[in-house]
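Chain identifiers are assigned alphabetically (A, B, ...) following the order of the sequence lines, protein sequences preceding nucleic acid strands; residue numbering begins at 1 within each chain.
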Number of protein chains: 2
Amino acid sequence: MTYESALTALADPTRRAIVEVLRGAPQPVGSLAGRFPISRPAISQHLRVLSDAGLVEAHAEGARRIYRLSPDGLGALRRYLDTLWDDALAAYARAAETHAKEQARRTPFD
Amino acid sequence: MTYESALTALADPTRRAIVEVLRGAPQPVGSLAGRFPISRPAISQHLRVLSDAGLVEAHAEGARRIYRLSPDGLGALRRYLDTLWDDALAAYARAAETHAKEQARRTPFD
DNA sequence: CAGATTCGTAAGTCATTTCTTACCGTAAGT
DNA sequence: ACTTACGGTAAGAAATGACTTACGAATCTG
């Protein structure tokens, strides 16, 4: 549920692909596994990581478990990135300003 | 520069810590390495990953290379997460609605 | 110019992660 | 009740990733 676990979860290409499938529509595990060249248990393990990160959630529907996207983990991640974004922009602005000064100082001698 | 590489880069705790230090102020590699219990080459390797992802950038200053945050990779990541966020919210809303219907259908029999 | 600083890259080792097979519990159908 | 479908967990093998030491290139200093 922290932004760290969300980052770790989304770092894996297979897990990102699972998320992409779930963007289309909620899916049971078996249907999800059918779309990938890896075993169903592997998918289950990925779903566990995504679930622990609050990126997906499941509800039982008879014998099957339907997974769908969850906003929880994504919200935490977005909040973190927003603050980081502010600092990155500030660093960029500061760098541009410094560069302009350097240019102004050097230009007379070129 | 893609959101995928940004996610991979930020998945590592040490790289996140490096980013956190750079939030404070731009730093040369040696100064950065001094703050961590790992070797300087290891820091260099992390900086390469962060740089490839467009999360940091460097400029030479004499013999040293000053690293600072860069908005590029972060922007790509934020854009991706925003679209994903929309889909997650939609999925959540749809689930809540379905649940409400189920409740309405079941309540008379309780 | 010689020595010292700063940093990137290469090669190899070690740890972590991902994947597979095997197995178990639960739910649905006959 | 028996069988089939569905999916989570365990244990070990295989692939990835992070770290170390060794080395080389570029810059600064005396």
Against the side chain of A:A63, the closest entry in D:dT9, C:dT18, C:dA27 is C:dA27
When rounded to whole Å, the CZ to P distance for the pair B:R15 and D:dG17 reads 9 Å
Taking only side-chain nitrogens and oxygens of A:T14, does any of them come within less than 4.0 Å of OP1 or OP2 of C:dT17?
no
Donor-acceptor under 3.5 Å (B:R16 side chain, B:L10 main chain):
yes
Using Watson-Crick geometry (N1-N3 plus N6-O4 or O6-N4) or G-U wobble (N1-O2, O6-N3), each under 3.5 Å, C:dG25 is paired with D:dC6
Taking D:dG8, C:dT9, C:dC19 as options, the one with an atom nearest any side-chain atom of A:Y67 is D:dG8
Assert: residue with more 5' nearest nucleotide on DNA chain C, out of A:A42 and B:S44, is B:S44
Quick one: label A:P28 by what it contacts on the DNA or RNA (base, sugar-phosphate, nothing), any heavy atom closer than 4.0 Å. sugar-phosphate
task: For the pair B:R40 (side chain) and B:A33 (backbone), establish whether a donor and an acceptor sit closer than 3.5 Å, ignoring hydrogens and angles.
output: no
Practice item. Indicate whether OP1 or OP2 belonging to C:dT6 is found under 4.0 Å from a side-chain N or O atom of B:R65. Key: no
- Message: With a 4.0 Å limit, can you tell me whether B:S39 has a side-chain N or O closer than that to the phosphate oxygens OP1/OP2 of D:dA22?
- Response: no
In whole angstroms, the gap separating C1' of C:dT18 from CG of A:L47 amounts to 14 Å
- Query: Got A:I18 and A:F36 here, is their nearest side-chain heavy-atom distance under 4.5 Å?
  - Reply: yes
Under 4.0 Å, heavy atoms only, any strand: does A:R40 hit a base, just the sugar-phosphate, or nothing? base
Pick base, sugar-phosphate or nothing for B:F36, based on heavy-atom distances below 4.0 Å to the nucleic acid.
-> nothing
From CG of B:L50 across to P of D:dA18 the rounded distance in Å is 10 Å
Rounded to whole Å, the CZ-C1' distance (B:R64 to D:dT27) equals 11 Å
Item to complete: For the pair B:R78 and B:D82, evaluate salt bridge (Lys or Arg N to Asp or Glu O under 4.0 Å) and give the outcome as yes or no after the intermediate values.
Response: CA-CA 6 Å; B:R78 265 169 41 107; B:D82 279 351; 5.4 Å; no
note: A:R48, atom CZ; D:dT9, atom C1'; distance rounded to Å ~ 9 Å
*asked:* Measuring to OP1 and OP2 of D:dC19, would you say a side-chain N or O of B:H46 lies under 4.0 angstrom away?
replied: yes
Atom CD of B:Q45 and atom C1' of C:dT13 are separated, to the nearest Å, by 13 Å
Between CZ of B:R16 and P of D:dA18 the distance, given in whole Å, is 11 Å
note: B:L7, atom CG; C:dT17, atom P; distance rounded to Å ~ 17 Å
DNA chain C nearest-nucleotide lookup for A:G62 and A:P37: closer to the 5′ end is A:P37
State yes or no: do B:Y80 and A:L55 share one hydrophobic cluster built from I, L, V, M, F, W and Y residues joined by side-chain heavy-atom distances below 4.5 Å, directly or via other members?
-> yes
